[in-house]
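The structure appears below as structure tokens.
Hydrogens, waters and symmetry mates play no part in the numbers below; they use all other heavy atoms, side chains included. Here is how names work: the chains are called A, B, and so on, in the same order as the sequence lines, proteins then strands, and each is numbered from 1.
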2 protein chains.
Amino acid sequence: MIDTQDKCHSSVEELLAEKNQRYTTHRKSIVRVLFELSKPASLSEILAVASQRSINLPISTAYRNLAILEDCGVVRRLIASEDLGLYELAEALTGNHHHHLICEQCGDVNDLSSNSNLERALSRAAEMVMDQIDFQVTGHRIDLTGICSNCNKVDSA
Amino acid sequence: MIDTQDKCHSSVEELLAEKNQRYTTHRKSIVRVLFELSKPASLSEILAVASQRSINLPISTAYRNLAILEDCGVVRRLIASEDLGLYELAEALTGNHHHHLICEQCGDVNDLSSNSNLERALSRAAEMVMDQIDFQVTGHRIDLTGICSNCNKVDSA
DNA sequence: TTTAGTAATGAGAACTATTCTCATTATATG
DNA sequence: CATATAATGAGAATAGTTCTCATTACTAAA
Ligand SMILES: [Mn+2]
Ligand SMILES: [Mn+2]
Ligand SMILES: [Zn+2]
Ligand SMILES: [Zn+2]
């Protein structure tokens, strides 16, 4: 499990090299932002953080690089929000298998580390599926939905 | 658990009535298509089936009615496909709690009934979340991802 | 059965996140 | 340095979805 940003960057560099991609300044900025946020972020959030640091990151470049990073296994694009792509560092990169907490009110998404209980129940379910119907399970996605602490405060106020 | 289409329609009628919505012909057509497909369908799939039955269902009307049906708890809009909304009858209506099998190759989505093992592991995970962080879990979503039977055939051919 | 009043419809415009295009710029390599 | 290739960035294009608004269909009261 990658814990320092330096290790992260060198791993990314390798992953990109495997596909003959350069680890450019823009791409480093994106990875740095995602590493530091350590939660799924939309494109505009990524741009906002970059902007705070006086990094000019054009929209088209950001999208293109996120797609390339995804293709190289550095970034994962989540399907969690109704109408917005959310990006995070890929599990293959961080070594941190996890699921997500999604607030139904504000749409905020946060990581949630898994537990062996759950993972065991899931593998059993996957085995049953592969036995009973002809579907080859290779992964899973779990979201717990509800109301986040922020929205809870606002509601009770 | 609703098993016949008649029961389904009368439940829908009640749900709509609660919000002073009429159960129009278009809305019935949509519910009928979703009931019979019994798998998540995109707007164009819904329109295609309707069209086969010589039902003219304009795009804007279909979208509007799907949104209203969702608001009344009749329809659920899934977040499963990258760039397409998928619709199915809501669990509250059918009484059939289930998860989804998603083919990573062709994007096809199918229902998968859950099992008590998995649901128990999930409730425990939800309790831990509510204990440890201030997030109120009210639901969950599980997708098993992999390769469907169709894509498996094509690949090995 | 009229008659308002309200809800639903449908064609097309508008919106918006994302992707594409292509001319320019940066980088790597011999 | 010279050349080839990759990356960039501004803006156009795309596409799923929502919005607008004039028309039509219901509903419920008179
Ligand atoms: Mn997981
Ligand atoms: Mn479930
Ligand atoms: Zn929230
Ligand atoms: Zn498939």
Heavy-atom side-chain contact between B:Asp131 and B:Met128 under 4.5 Å =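 Sidechains of B:Met128 and B:Asp131: no contact.
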task = For B:Ala67 and for A:Arg27, locate the closest nucleotide of DNA chain D by heavy-atom distance; then report the residue assigned to the nucleotide nearer the 5' terminus.
result =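 First, find each residue's nearest nucleotide; the 5'-ward one identifies A:Arg27.
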inquiry  = Taking any heavy-atom pair under 4.0 Å as a contact, classify A:Asn65: base, sugar-phosphate, or nothing.
reply    =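 It contacts sugar-phosphate atoms only.
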ask   = Counting any heavy atom closer than 4.0 Å, what does B:Asn20 reach on the DNA or RNA strands: base, sugar-phosphate only, or nothing?
value =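 Here B:Asn20 touches no strand at all.
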query = Is a donor on one side and an acceptor on the other found under 3.5 Å between the side chain of A:Ser10 and the backbone of A:Lys7?
reply =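 Yes: the side chain of A:Ser10 pairs with the backbone of A:Lys7.
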message = Is it true that, when you exclude A:Ile59 itself, more than 12 heavy atoms of the residues, nucleotides or ligands shown sit nearer than 6.0 Å to its CD1?
response =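 It does not: A:Ile59 CD1 has 12 such atoms or fewer within range.
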Donor + acceptor pair across side chains of [X], [Y] (<3.5 Å):
X: B:His100; Y: B:Asp111; result: yes
X: B:His140; Y: A:His99; result: no
X: A:Asp108; Y: A:Asn110; result: yes
X: A:Glu14; Y: A:His9; result: no

Nucleotide [N], atom [atom2] - distance to [atom1] of [X] in whole Å:
X: A:Leu84; N: C:dT19; atom1: CG; atom2: C1'; result: 16 Å
X: B:Leu43; N: C:dG10; atom1: CG; atom2: C1'; result: 14 Å
X: B:Leu47; N: C:dT9; atom1: CG; atom2: P; result: 14 Å

ask   = Are A:Glu88 and A:Arg76 close enough for a salt bridge, meaning some N to O gap below 4.0 Å?
value =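 Salt bridge between A:Glu88 and A:Arg76, a charged N being under 4.0 Å from a carboxylate O: yes.
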key: Sorted by number, the residues of residues 52-64 of chain B with heavy-atom contact under 4.0 Å to DNA chain D   =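 Heavy-atom cutoff 4.0 Å gives B:Ser60, B:Tyr63.
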Got a list of protein N/O to nucleotides 23-26 of chain D N/O distances below 3.5 Å?
| unit_1 | atom_1 | unit_2 | atom_2 | d |
| --- | --- | --- | --- | --- |
| D:dC26 | O4' | B:Arg22 | NH1 | 3.4 |

